[in-house]
Amino acid sequence: MSTPASLPERSDSDRMSSPTWWRQASVYQIYPRSFADSNADGIGNIKGITSRVPYLKELGIDAVWLSPFYPSALADGGYDVDNYRDVDSKLGTLADFDEMAAALHEAGIKLIVDIVPNHSSDRHEWFQEALASPKNSAARDRYIFRDGLGPHGDVPPADWDSVFGGPAWERIVEPDGTPGQWYMHIFAKEQPDFNWDNPEVREDFLKTLRFWSDRGVDGFRIDVAHALVKDLSAPLPSKAQLEAKSHGADGFVDGTHPFWDRDDVHEIYTEWRKLFNEYNPPRTAVAEAWVHTDRRARYASPEGLGQAFNFDLLQANFDANEFKEIISKNLADAQASGASSTWVFSNHDVVRHATRYGLAESAGSEPSGSETEIMSGQVGKRWLLDGGLREDVNAELGLRRARAASLLMLALPGSAYLYQGEELGLQEVGSEIPDSARQDPAFFRNKGVDVGRDGCRVPLPWTSTGSSFGFGDGCSHLPQPHWFADYSVQSQDGVEGSTLELYRKALKLRSQLQSEEKLEWLPSSSPDVLHFTRPNGWQCVTNFGTAPVALPEGDIAVSSAPVTNGQLPANTTVWLMP
Ligand code: BGC
């Protein structure tokens, strides 16, 4: 595809060799176990990713973000790390990793890896050492151990719930066989929280960041970046006391929660930033921080991580007003803090947006779920438990809106984070995953009430036939439904109007059109229409309404649905050039 006539050609390599390449990058998240399997064991692996680098290049993304690939028992899909400086043998070796990094770099694609600093796995050698060591030992101090309450110490130190359900404290058996102390785990019990007041913990993560930076990794995604620093001085507040202090869906807005979003956490990231800046180009970082919007900028500051995920659009309804307010606020915040904004609709923790937008609720004015609800799959619960995806979701409407929303996102200043499979318009998999095949701890810890996040982690369909739709030569670790055939790469490759071709076209155009991080709203003919322009006359118009509207003037560069007779149909986005 050629650059629109009014624009100078800009080379991708110029853009990507700049130290600020990340500011407006298109970043594609790979969930390694579900991307491509090269050895027919049903689990995606590093060599599988390497084999698909040509696909990634053709897609037109700037960077890959790789979810955890470290040795792990997979109690939480790899976010339970046994060893931060190695590759899980189920996924390959360090040599395979180096080969993948080289192939990506050769294709002009940067590599961002996930770092999980809030907790390790319970199989980590430090945690095993802590279990084998006595109370108050140096080994226990790397984690958060406390005595239980009550005369026999059998009451947990606080009645807090873990994010995945069930208590946030687990009792251990002491080395002498007696019931012992409790350790804290915000997530699953296999994920004990580190004690970030311990200097050894801080040093070890600096070592890990250097280890991967030295291997040529370009950046890091920081898991649960807002939970590392904790104030657990006694007496610990009760759940009821915490709820009384929380501002509803906004949660804590003043940094006084015992573990979420405390001000001191930024000292860690200032230290990390110094390390990142020792490299040329400086390593980038993006915080996963589910914090109040007003507190996000601190994670994204140039003296800190540099970027933070903005989940606001992800949580919004498909609604012009909501979108406009969120975009305006986030761009203003980014400008004030010097960060670049980030945008995301789907990831490995949430119901895919092609499905969310097809839920009856999101078609109307039903408010979307809170952070914790969405993260833990609660939003999916509303429909997944009620008889399955195909009956309860208007998949056609969902996909149409998802395409419109994604095309709008790709026109925004800032980075766009994409999740594997969204370029295929993939839907969430629902009741086709039997309980016996489910893997997500959110499902088990909630005793099946919350279906969890497996539905967005089903291995990708590359071909329309075959035992695992081309994912590999064997089966797939989560079952793929028969309708995956219709979404496969093979069925969309080269097909005009397919979601894959839409993403390819939009991503390539975007990388040529991106310039200053500016956006100007233009008046629109209806409250359901958003119309904005970027430098160079690049315009984006989205009709969120149910009736067609007159299309503004301009040449159509790309559209999320067919446009005829000068009308912009419902649930459609177009890019226009002067
Ligand atoms: C990750 C989840 C993970 C959790 C605990 C999250 O924010 O994205 O997938 O379960 O952190 O590590």
Side-chain angles (χ1 to χ4, degrees), residues 27 29-34 65-82 84 88 112-124 127 143 161-166 168 184-194 196 205 208 220-228 230 251 259-261 265 285-291 296 299 305 308-311 314-315 342 344-352 369-380 417-420 428 438-446 450-458 478:
V27 183
Q29 180 190 358
I30 291 185
Y31 191 74
R33 289 171 183 81
S34 299
W65 147 31
L66 205 57
S67 280
F69 48 86
Y70 312 106
S72 168
L74 302 185
D76 179 20
Y79 285 88
D80 45 320
V81 178
D82 296 351
Y84 290 85
D88 192 332
I112 293 171
V113 300
D114 223 309
I115 290 289
V116 190
N118 179 65
H119 44 264
S120 71
S121 116
D122 59 352
R123 306 195 315 176
H124 190 286
F127 193 70
Y143 292 90
D161 294 327
S162 77
V163 170
F164 295 147
M184 184 179 173
H185 57 92
I186 299 183
F187 294 90
K189 71 174 169 39
E190 294 84 359
Q191 295 167 295
D193 282 39
F194 279 119
W196 273 85
F205 271 92
T208 295
F220 299 92
R221 177 259 189 195
I222 315 303
D223 189 63
V224 210
H226 55 311
L228 277 49
K230 301 178 173 75
F259 51 87
W260 294 129
D261 191 27
V265 77
V286 55
E288 186 220 18
W290 292 82
V291 297
R296 189 182 300 137
Y299 293 85
L305 295 174
F309 280 117
N310 154 16
F311 295 118
L314 184 156
Q315 294 176 82
T342 61
V344 52
F345 284 117
S346 281
N347 65 30
H348 66 296
D349 287 331
V350 300
V351 174
R352 285 185 177 277
S370 74
E371 295 157 9
T372 359
E373 277 178 334
I374 291 190
M375 252 193 94
S376 61
Q378 293 278 336
V379 165
Y417 283 83
L418 311 172
Y419 177 52
Q420 68 179 37
E428 187 87 359
R438 291 211 172 263
Q439 301 175 7
D440 188 353
F443 173 75
F444 299 108
R445 289 186 65 87
N446 283 289
D450 172 350
V451 290
R453 302 159 296 177
D454 294 317
C456 63
R457 300 174 177 183
V458 176
L478 279 167

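If you're wondering where the values come from, they're calculated on a predicted model, not measured in any experiment. Both ligands and their constituent atoms are indexed starting at 1 by order of listing.
Taking the six-membered ring for Trp and thresholds of 30 and 60 degrees, Tyr417 and Trp65 have ring planes more than 60 degrees apart, a perpendicular arrangement. Ring geometry for Tyr31 versus His348: interplanar angle under 30°, hence parallel rather than tilted (30 to 60°). Taking the six-membered ring for Trp and thresholds of 30 and 60 degrees, Phe127 and Tyr143 have ring planes more than 60 degrees apart, a perpendicular arrangement.
Distances from atom 5 (C) of ligand 1 to the heavy atoms of Val350, Val116, Asp76, Asn347 show the closest one on Asp76. For the residues Gln29, Glu288, His226, His348, the heavy atom positioned nearest atom 7 (O) of ligand 1 is part of Glu288.
Contacts of Asp122 classified as salt bridge (Lys or Arg N to Asp or Glu O under 4.0 Å), with partners at least two apart in sequence or in another chain: none. Annotation: salt bridge (Lys or Arg N to Asp or Glu O under 4.0 Å) contacts of Arg352 (sequence neighbours excluded): none.
Considering Asp80, Val116, Val224 as possible partners of Phe187, the one that fulfils the side chain to side chain contact (heavy atoms under 4.5 Å, CB included) test is Val224.
Contacts between Arg457 and ligand 1, counted as non-hydrogen atom pairs separated by less than 4.0 Å, involve the side chain only. Residue contacts with ligand 1 for His185 are absent, since no atom lies close enough (heavy atoms, distance under 4.0 Å). Counting heavy atoms under 4.0 Å from ligand 1, residue Phe164 touches it through the side chain alone.
Contact atoms of ligand 1 toward His119: 5 (C), 12 (O) (distance under 4.0 Å to a heavy atom of the residue). Short contacts between ligand 1 and Arg453, defined as distances under 4.0 Å to a heavy atom of the residue, involve ligand atoms 2 (C), 3 (C), 9 (O), 10 (O). Within ligand 1, counting atoms from 1 as listed, the ones closer than 4.0 Å to a heavy atom of Val224 are 7 (O), 11 (O).
Residue contacts with ligand 1: Trp290 is placed with no nitrogen or oxygen under 3.5 Å of a nitrogen or oxygen of the ligand (distance criterion only).
Put simply, part of Arg221 is less than 4.0 Å from ligand 1, judged by heavy atoms.
A salt bridge does not link Arg296 with Asp261: every distance from a Lys NZ or Arg NE/NH1/NH2 to an Asp or Glu carboxylate oxygen is 4.0 Å or more.
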